[in-house]
Trainee: 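Supplied in structure tokens, the structure appears directly below.
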Amino acid sequence: MHAVDRLSVRVVGVFRVEGLDEHALGSRKARTLLRVLACERGGAVSTDRLADALWGDELPSKPSDQVSVLVSRLRAVLGPRIPRSDAGYSLQYDWLDLDELLARSREAVARLGTGHHAAARVASAAALRLVQGPVLADDDALWAQGVRAEIERAVADARLAGARAALEVRAFEEATELGTAAMVSDPFDEVALRVVMRAHAHLGRPGSALAVYTAFKERIVDEFGVGPTAETEQVHDAIVLGSGHDNDEHPAATLIVGRDGELAALDAWLAAAASASTLVVVEGDPGIGKSALVGEWRQRAERSGAHVLFARCDQPGLSLPLQPIIDAVTDWVARVLGPDQADLLVGGDPVLAAALGRRGAVRPVDGVRAQDSVEAPELGRRRLFDALGVLVDRVRGDAAVVVIIDDVHEADAGTLAFLASYVRTARNAMVLLTSRDPLTATVGGNRLVLGPIERDAAAQLVSDDAVSRLYDRSGGNPLFLLELAHVGDGELPTSIVEAVRRRSATLGPAA
């Protein structure tokens with residue numbers, strides 16, 4: 001039998017050596033010995049420790065000899081990869097899933113800490129993909145307990161970092177799923193609780209958010225006699241007040257490397273809007289960083305004193321007419337004025353009250369339905385456009401206003417019509433859109449096309465080795481580069497598959 005050329009070992013979940021049937025490794029004790037060595041991650045394990053792991057209290061008469069026999073049999077399969085030193089035996093492997101899990105988990109936490117949320121999300125997903133089944137499920141021996149605890153800590157860290165990162169990049173379903181899993185692992189994790197509550201609220205499920213909070217509060221009071229922290233109560237109160245979030249509405253500022261020129265261009269367009277309102281469309285392929293660029297620039301605009309209204313378009317068929325505009329105005333007015341003052345300001349206009357009442361933040365006037373305004377013929381739509389524009393002007397005063405609509409390639413015709421109308425009639429206003437598809441021919445305005453990032457900028461996202469191997473393959477797309485860095489050779493990240501599928505779908509059956 002020939003020794004393996006590359007030794008790749010998995011110990012997280014079901015133990016196996018890639019490319020080898022488990023029976024090729026010999027007896028159960030031989031496999032246990034190999035697993036103990038692998039879990040030491042290259043360190044030496046004494047004969048006494050190996051014997052204790054293999055036989056426990058029922059040691060054979062000459063345990064060191066028995067260990068030596070098992071090692072010899074493994075060497076016949078693996079080659080000279082189990083050297084012996086004065087400290088004991090060790091395993092020389094090429095790849096170990098435990099090493100990868102710990103590294104990716106640490107990376108996810110570090111990326112989250114530096115605000116690189118998309119990178120944190122990718123690293124978290126890479127770590128969690130390595131968990132294939134219950135951790136060391138088939139071994140309750142004492143030697144496995146420390147390793148199991150280390151793995152569980154890494155998984156918990158990766159899961160929570162992934163949940164928080166998903167919330168920041170507005171992947172709310174993913175944030176809910178990961179946050180809920182984190183709470184299953186640790187029912188008293190308030191960080192995970194707040195992630196789940198916020199994600200439910202953003203998805204329009206305040207009842208679910210409050211139900212999770214109530215169950216948590218009952219647990220912590222029963223167990224420790226104290227209630228949730230003030231930070232958790234703040235999230236709870238924001239949801240009860242109907243804002244749907246606790247003023248945490250920023251799209252994530254992620255993958256922002258090599259975009260200084262684009263940020264400066266947006267600054268210049270905002271400055272020019274003081275003389276004549278302007279519309280800007282940021283275009284580019286999926287993963288190129290459109291939302292990240294706009295998210296970063298939004299914070300700059302707000303620091304300059306501008307009022308920023310933000311919304312994201314749903315896929316066609318999932319939103320009502322003008323829904324992004326309604327969402328943006330409702331959330332912004334509620335944040336600036338508070339729900340009660342917003343009621344007073346809007347309640348006197350039946351058109352606004354009916355339209356904005358969809359979200360429940362503003363009560364509609366009796367007998368007036370949102371559909372009467374939004375789905376009416378041209379005159380009704382004109383009235384709504386004018387009323388929305390007047391409302392924004394009344395709330396913002398003399399400050400500049402920026403309307404940001406993300407993923408506008410999914411927008412309905414009414415939304416596009418309102419945006420074009422608003423730019424023509426507003427003062428000191430900038431409308432900023434992101435789109436995968438060219439839109440300037442349809443809506444006019446200025447076009448900012450995001451291309452690939454430079455190689456030097458890519459080196460800020462991944463290691464030098466990953467840049468040298470994967471930059472050309474990624475085409476300089478920052479998201480693709482990050483995801484390629486965390487999948488195996490020959491694998492394709494889901495984002496790339498979806499991007500190609502989406503582009504191919506536009507070509508028609510003949511293609």
Side-chain angles (χ1 to χ4, degrees), residues 4 6-20 22 25-59 63-64 66-67 70-71 73-75 77-78 81-85 87-110 123-162 181-182 184-186 189 486 488:
V4 293
R6 175 180 171 81
L7 185 59
S8 298
V9 184
R10 294 186 180 272
V11 296
V12 181
V14 178
F15 171 72
R16 71 176 185 272
V17 175
E18 300 290 353
L20 288 178
E22 65 172 337
L25 297 173
S27 66
R28 185 176 185 275
K29 291 198 181 309
R31 296 194 296 275
T32 299
L33 186 150
L34 185 61
R35 182 163 52 166
V36 173
L37 294 178
C39 287
E40 198 64 24
R41 300 169 57 204
V45 184
S46 68
T47 301
D48 289 343
R49 282 183 58 201
L50 289 172
D52 182 65
L54 294 170
W55 291 287
D57 295 332
E58 301 178 0
L59 293 174
S64 61
Q66 295 299 317
V67 169
L70 292 172
V71 169
R73 291 173 179 170
L74 287 169
R75 285 172 177 163
V77 179
L78 305 177
R81 291 180 174 270
I82 309 180
R84 182 174 185 178
S85 65
Y89 293 97
S90 60
L91 178 65
Q92 297 176 345
Y93 52 80
D94 297 293
W95 181 87
L96 178 68
D97 63 348
L98 178 55
D99 284 342
E100 188 75 8
L101 170 65
L102 297 176
R104 297 288 76 77
S105 178
R106 287 193 295 267
E107 180 185 358
V109 172
S124 167
L128 297 177
R129 277 198 299 268
L130 295 166
V131 184
Q132 301 179 0
V135 175
L136 296 175
D138 56 347
D139 203 320
D140 294 325
L142 185 62
W143 74 268
Q145 293 178 8
V147 180
R148 183 183 293 111
E150 184 178 29
I151 293 173
E152 289 174 345
R153 281 196 302 272
V155 171
D157 289 346
R159 188 178 284 134
L160 184 57
V184 170
S185 176
D186 181 0
D189 187 339
H486 298 304

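In what follows, residues are counted from 1 in the order of the sequence shown.
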Trainee: Taking the basic N atoms (NZ, or NE/NH1/NH2) and the acidic carboxylate oxygens, is any pair closer than 4.0 Å for Arg159 and Asp186?
Mentor: no
Trainee: Return the set of residues passing side-chain hydrogen bond (donor to acceptor under 3.5 Å, both in side chains) with Arg153 (not counting sequence neighbours), or none when no residue passes.
Mentor: none
Trainee: State the CG-CG distance between Leu74 and Leu70, to the nearest 0.5 angstrom.
Mentor: 7.0 Å
Trainee: Report the residues that fulfil side-chain hydrogen bond (donor to acceptor under 3.5 Å, both in side chains) with Glu40, sequence neighbours left out, ordered by chain and then residue number.
Mentor: Arg49
Trainee: Determine, step by step, whether Gln66 and Leu59 satisfy the side chain to side chain contact (heavy atoms under 4.5 Å, CB included) criterion, reporting the C-alpha distance in whole Å, the side-chain angles of both residues, the deciding distance to 0.1 Å, and the verdict.
Mentor: CA-CA 10 Å; Gln66 295 299 317; Leu59 293 174; over 6 Å; no
Trainee: Given 3.5 Å as the limit, does a donor-acceptor pair link the side chain of Ser105 with the main chain of Val155, or not?
Mentor: no
Trainee: Can you name the nearest heavy-atom pair linking Pro83 to Gln92, along with the distance?
Mentor: CG-NE2, 3.5 Å
Trainee: Between Ala87 and Ala44, which heavy-atom pair has the shortest distance, and what is it?
Mentor: CB-CB, 3.7 Å
Trainee: State whether the side chain of Asp94 and the backbone N or O of Ser8 hold a donor-acceptor pair below 3.5 Å, judged by distance alone.
Mentor: no
Trainee: Tell me whether Arg84 contacts the main-chain N or O of Tyr89 through its side chain, where contact means a donor paired with an acceptor under 3.5 Å.
Mentor: no
Trainee: Within this structure, what is the CG-CG distance for the pair Leu128 and Leu101, rounded to the nearest 0.5 Å?
Mentor: 8.0 Å
Trainee: Check the pair Leu78, Leu34 against side chain to side chain contact (heavy atoms under 4.5 Å, CB included), reporting the backbone distance first and the verdict last.
Mentor: CA-CA 10 Å; Leu78 305 177; Leu34 185 61; 3.8 Å; yes
Trainee: Which distance, rounded to the nearest 0.5 Å, do you find between the CZ of Arg28 and the CZ of Arg31?
Mentor: 7.5 Å
Trainee: Looking only at heavy atoms, which two atoms of Pro63 and Ala51 are closest? And how far apart?
Mentor: CB-CB, 3.9 Å
Trainee: At their closest point, which heavy atom of Asp99 faces which heavy atom of Arg41, and how far apart are they?
Mentor: OD1-NE, 2.8 Å
Trainee: For Ala38, check side-chain contact (heavy atoms from CB on, under 4.5 Å) against everything at least two apart and list the hits.
Mentor: Val9, Val11, Leu91, Leu96
Trainee: Looking only at heavy atoms, which two atoms of Asp97 and Leu130 are closest? And how far apart?
Mentor: O-CD1, 3.8 Å
Trainee: Quick one: pull up CZ in Arg129 and CD in Glu100 and give me the separation to the nearest 0.5 Å.
Mentor: 10.0 Å
Trainee: Any Lys/Arg nitrogen of Arg16 or Glu18 sitting under 4.0 Å from an Asp/Glu carboxylate oxygen of the other?
Mentor: yes
Trainee: Give, for atom CG of Leu33 and atom CG of Leu25, the distance between the pair rounded to the nearest 0.5 Å.
Mentor: 11.0 Å
Trainee: Would you give the length of the straight line joining atom OG of Ser64 to atom CG of Leu50, rounded to the nearest 0.5 angstrom?
Mentor: 11.0 Å
Trainee: Minimum heavy-atom separation for Ala127 to Ala158, with atom names?
Mentor: CB-CB, 3.8 Å
